[in-house]
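Below, all heavy atoms of this structure are taken into account, side chains as well, without hydrogens, waters or symmetry copies. In this chain, numbering begins with 1 at the start of the sequence shown.
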Amino acid sequence: MKIAALILVAVALAQAAEIPKLRNFRNPAHLPPRSALFPRPSQVQGPGYFVPTGEHAHVFSTRGVCGQVKNQESERIVGGVEAVPHEFPWNVAVIVDNYYSCGATIISADWILTVAHCADGGRSFEVILGAHNMNIVEPTQVRITATQYTLHPEWNSANLQNDVALIKLPTPVSFTPEIAPICLAPNTEPDHVGDILLATGWGLDSDSATSTTDNLRKVYAPGISVEDCQAVYGNRYGVLDSVLCINTTGGHGTCKGDSGSPLSYINNGVYIQVGIDSFGSPIGCEWGYPTGFSRISSYVDWIVSVTGLVV
């Protein structure tokens, strides 16, 4: 076994031993969960909301195109750093109702994957593709306004269960070196406990930050068991088998503004999306509490039924 791999195993074990227990923290509700950043005063779905019929004009596959590795020079890191520009061409930013931003991924030429708590109640979605710095208009960027979206039929905003949504682009986007889909984990995907996973996004880079980052950032962290995640959060969130959590000990994880962003795993040189950023500690992002992701393998059958994508 390579020395680097041994170091990663040691780091993962050390982190697993240091996960704090949120339920033992005094007054843990003094900060809201990420989902509370997105107010829904009317709880009425936007005009573009649709209920899928399960019927498709065609089925399609992105195999051979999705998840292609662009740069592996920093494949195994511990802390968060800026990504190489366009290293992850499936990462997109979504501006909801010209008010707040979330992350998302390209899964096909006309479908964007994000979380329900970002899309719920939305009326307009500005999808920014091909970006590294999403606060400037780069020549690689394509900006599309979408209105059609759907939420998982069992989405529960009270405990963030089934936190998955799909946004339909009005016209298919052309793939380029800076705009490409990620592969989705199949329903047989392993649980990734102890595996080093990659999170990417434009969210806050610290609890003291006052705005999201300009440039896409990345961080690696080990997956933990559902039981370890439940032990931290108790009944605050619906931490079921459909949730994949990572250990963020040392402040290595995601933060506010990363909701909807991907968690991925490199398998045989291909990036596979295994999670969608759903929730984090209400205490803050640098305290070492796990981050929870909607587990793709639990929802891929629903995604397929809506989109016609062959995984």
Excluding sequence neighbours, so at least two apart, what forms side-chain hydrogen bond (donor to acceptor under 3.5 Å, both in side chains) with [X]?
{"X": "Thr150", "answer": "none"}
{"X": "Asp191", "answer": "none"}
{"X": "Ser294", "answer": "none"}

Other hydrophobic cluster members with Val137, side-chain heavy atoms of Ile/Leu/Val/Met/Phe/Trp/Tyr under 4.5 Å, chained?
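Hydrophobic cluster check, Val137: no partners found.
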
Run through the side-chain heavy atoms of Ile, Leu, Val, Met, Phe, Trp and Tyr, join any pair under 4.5 Å, and report what else lands in Ile95's cluster.
Ile128

Angle class for the His152/Trp302 ring planes (parallel below 30°, perpendicular above 60°, tilted otherwise)?
tilted

Where does the angle between the aromatic ring planes of Phe88 and Trp90 fall among parallel (under 30°), tilted (30 to 60°) and perpendicular (over 60°)?
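Geometry flag for Trp90 against Phe88: tilted rings.
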
Do Asn187 and Tyr299 pass the side-chain hydrogen bond (donor to acceptor under 3.5 Å, both in side chains) test, and can you show the C-alpha distance, the side-chain angles, and the key distance before you say yes or no?
CA-CA 8 Å; Asn187 56 19; Tyr299 299 105; over 6 Å; no

Option from Glu87, Glu82, His86 for which side-chain hydrogen bond (donor to acceptor under 3.5 Å, both in side chains) with His132 holds
Glu82

Say whether Gln45 and Tyr149, considering side chains only, have a donor N or O and an acceptor N or O under 3.5 Å apart.
yes

Distance-only side-chain donor-acceptor flag, Ser157 / His117, under 3.5 Å
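Ser157 vs His117: no donor-acceptor pair found between side chains.
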
May I have all residue pairs that pass salt bridge (charged side-chain N to carboxylate O under 4.0 Å, His left out) and include part of residues 162-171, sequence neighbours excluded?
Asp110-Lys168

